[in-house]
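Below is one structure, written out as structure tokens; the observations come after it.
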Protein chains: 2
Amino acid sequence: MGKRRPGAPTLEEVAAHAGVGRGTVSRVVNNAAGVKESTRRAVQRAIEELGYVPNLAARSLAGRRADAVALVLTEPDWRMFAEPFFSEIVRSLGDALADTGMQLLLTLVRSEDERQRFLEYARGGRVDGILMMSVHAGDQLPDMLAEARLPTVLLGRRSGEEYVSYVDADNVGGARNAVSYLLKQGRRTIATITGPLDMYVAQCRLRGYRDALEMAGLEGTPSLVAEGDFTEESGRRAMADLIERHPEIDGILAASDTSAAGALQALRAAGRRVPEDVAVIGFDDFSLAQRTEPRLTTVRQPVEEMGRSMIRLLLEEMEEPFVAWRHVILRTELVVRESA
Amino acid sequence: MGKRRPGAPTLEEVAAHAGVGRGTVSRVVNNAAGVKESTRRAVQRAIEELGYVPNLAARSLAGRRADAVALVLTEPDWRMFAEPFFSEIVRSLGDALADTGMQLLLTLVRSEDERQRFLEYARGGRVDGILMMSVHAGDQLPDMLAEARLPTVLLGRRSGEEYVSYVDADNVGGARNAVSYLLKQGRRTIATITGPLDMYVAQCRLRGYRDALEMAGLEGTPSLVAEGDFTEESGRRAMADLIERHPEIDGILAASDTSAAGALQALRAAGRRVPEDVAVIGFDDFSLAQRTEPRLTTVRQPVEEMGRSMIRLLLEEMEEPFVAWRHVILRTELVVRESA
DNA sequence: CTGAAAGCGCTAACAA
DNA sequence: TTGTTAGCGCTTTCAG
């Protein structure tokens, strides 16, 4: 293994070149206060002239932070990689992190082997904190991270009793509002296309659907529930099944915008008019707004706020570790976009 | 900033606990040869008992590698994030890296600020090498990395005179073969939907298209070339334009499978039969195989091989730095999938 | 405001 | 086969 950048100048050399002590250079590099302006300038010139770049390993070792946080993507996320919700969240995390000077590192954990490797990486101190998104119910990684006392924040929870810090949307409420809205429109046979039911988020949206029906005094019909996995293809397939089972369907709640798009395709293929014959509401509103269904009514999650909240919680945990789990549940908003 | 894992045991403590010297523990941890089996076992027990985890910063500092490589995604990549080609490449890189014990870190570089931060991160020695994909012609980052003497490998090149190490597919040849195939079928009015023409890969595919026409003694018609950006939406739009300008079109080469899918939609919407009236060939074959167009003929890039090659080149550069740029150009394959 | 010095935890070279 | 030791480059007291 070739040594890294063999002749790279060190703090020491910069100090010598500038005719000051090591500590002073360190202060300048870290923008610490208490350095005479002229000295600072002299040091800065020396840095320029020598092309000095701080050695991050040394900095880390000397007892400070790694200045990086990892966003872990476990295997089940993989398919969602292509979902707009995913990239929007990543984008918002990047924005939220911009001020902190920390690097956002996406890491893929697909096998047990990779999980172990990542754990070593994190426990080895290469990151100051860990973010996870779309956690599946049975995922043990958050527990392992918690055990290693690593600041961790989840997007979504694994169950109602999640203890690791998380940021989540009010999925039950969002779904309930959506279905109530459909009922208010006079729809009576409302079906739902869920997400993968091993994810708590999907369970919550399903619960909201059921709650709304119950509140309206209607009885839930099991055959009006079709499991999907958030993807467009699953939406198409689920919708096709639903139409066959219940030709009288006049309303749909889909657990994602993408599966809603699939549902719309299947409905049109079956000759239904949307939204005259059948109204569709989906969760999230990224892909559709940009693509083929700009007029779909959606339950919007506050993505920017989610990213910001995750970073805020993470920073709090880094600041004052191991004192408490922190939870944030953000409100959703029904965005009505039906054309007149 | 809270100190990281304050009470974490060190090598020293493990050594004391096991009643051996520090060096011995280091050897055991690193699986080095030359340790008596009984000693090794004793050390391993001590490690278990104390829950020792090596401090990676210290390890890095002590003169070895960072055991991590970064895959940089610059702003223009961002849209491709959702493209199947992207996730397939990432997957193959992960596989290729699995043996090496290195962490793959995806980093997003969207702004000048983030570019600077990443540069510091890389020059600071947090990664042993850098991979970049879908580099745009004007991107300076590879030069900066080269200047910093950081092992770097690109997927694709910025121009015909690329010097930084890269792995690329034979895009000209692939496009030429595809168009020749269409010509052999008797198609005579062949259009192309390109990728973003500020990317060399898109230029090459366009060149291949033109070469094939020329070889057949046909004249290239500028209005048969529509610029897209690899996305489905761009394919739809470009195709719609092309049909309007040239209703007689009977063949299409699309620069990606995704834009080919968009083209197919536009063709069907215009009442054309595919492939009877119009034949379509796209580059890559991921999304379509999994989605709606399993029978599209495609120019297949050897994704697995691309990932493997990139890692191989990177390892070579790390091993023996700064001696040469290395280039690999992989053959493409025309995968005919028309139904009878 | 600045310099000197004590580590941070590990690897690797050298003795033993 | 193993123990000892000299750094790796930086941050951070503590004097001055």
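Computed from a predicted structure; not experimentally measured. Lettering of chains follows the sequences in order, A, B, ..., and the numbering in each one begins at 1.
Distances shown here put a side-chain N or O of B:Thr24 below 4.0 Å from the OP1 or OP2 atom of D:dG3. A sub-4.0 Å separation between OP1 or OP2 of C:dC8 and a side-chain N or O of A:Ser60 is absent. Checking the phosphate oxygens (OP1, OP2) of D:dT11, a side-chain nitrogen or oxygen of A:Asn30 falls inside 4.0 Å.
Separating the CD atom of A:Glu13 from the P atom of D:dG9 is a distance of 8 Å, rounded to the nearest angstrom. Regarding A:Arg123, its CZ atom lies at a distance of 17 Å from the C1' atom of C:dG9, rounded to whole Å. When rounded to the nearest whole Å, the span between CZ of B:Arg22 and P of D:dT5 equals 10 Å. For the pair B:Arg126 CZ and D:dC10 C1', the interatomic distance rounds to 12 Å; values are reported in whole Å. Rounded to whole angstrom, the span from the CG atom of B:Leu11 across to the P atom of D:dT4 amounts to 14 Å. B:Leu61 places its CG atom 17 Å from the P atom of D:dA6, with the value rounded to the nearest Å. Spacing between atom CD of B:Glu12 and atom P of C:dC10 amounts to 9 Å, rounded to whole angstrom units. Here D:dC10 presents its C1' atom at 13 Å from CG of B:Asn55, a figure rounded to the nearest Å.
Side-chain proximity of A:Lys36 to the nucleotides C:dA4, C:dC1, D:dT1 is greatest for C:dC1. The nucleotide whose nearest atom lies closest to any side-chain atom of A:Thr39 is, among D:dC10, C:dC10, C:dC1, C:dC1. Which of D:dC10, C:dC10, C:dT2 sits closest to the side chain of A:Pro54 comes down to D:dC10.
Checked against A:Glu114 for a side-chain hydrogen bond (donor to acceptor under 3.5 Å, both in side chains), the options A:Gln116, A:Arg117, A:Arg110 give a single hit: A:Arg110. With B:Leu131 as the fixed residue, the side-chain contact (heavy atoms from CB on, under 4.5 Å) test singles out one of B:Leu73, B:Leu155, B:Leu93, B:Ile89: B:Leu93.
Among the heavy atoms of the strands lying under 4.0 Å from B:Val35 are primed sugar atoms or P, OP1, OP2 only; no base atom is included. Among the heavy atoms of the strands lying under 4.0 Å from B:Val20 are primed sugar atoms or P, OP1, OP2 only; no base atom is included. Using a 4.0 Å heavy-atom distance criterion, A:Ser26 is classed as a base contact.
With no hydrogens or angles considered, no side-chain donor-acceptor pair links A:Thr107 and B:Gln103 at under 3.5 Å.
To the nearest 0.5 Å, atoms CG (B:Leu56) and CZ (A:Arg126) are separated by 5.0 Å.
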Check step by step if salt bridge (charged side-chain N to carboxylate O under 4.0 Å, His left out) holds for B:Arg308 and B:Glu305. CA-CA 5 Å; B:Arg308 263 202 303 277; B:Glu305 188 53 34; 2.8 Å; yes

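Along DNA chain D, the nucleotide closest to B:Glu37 and the one closest to A:Leu56 are compared, and the more 5′ of them pairs with B:Glu37.
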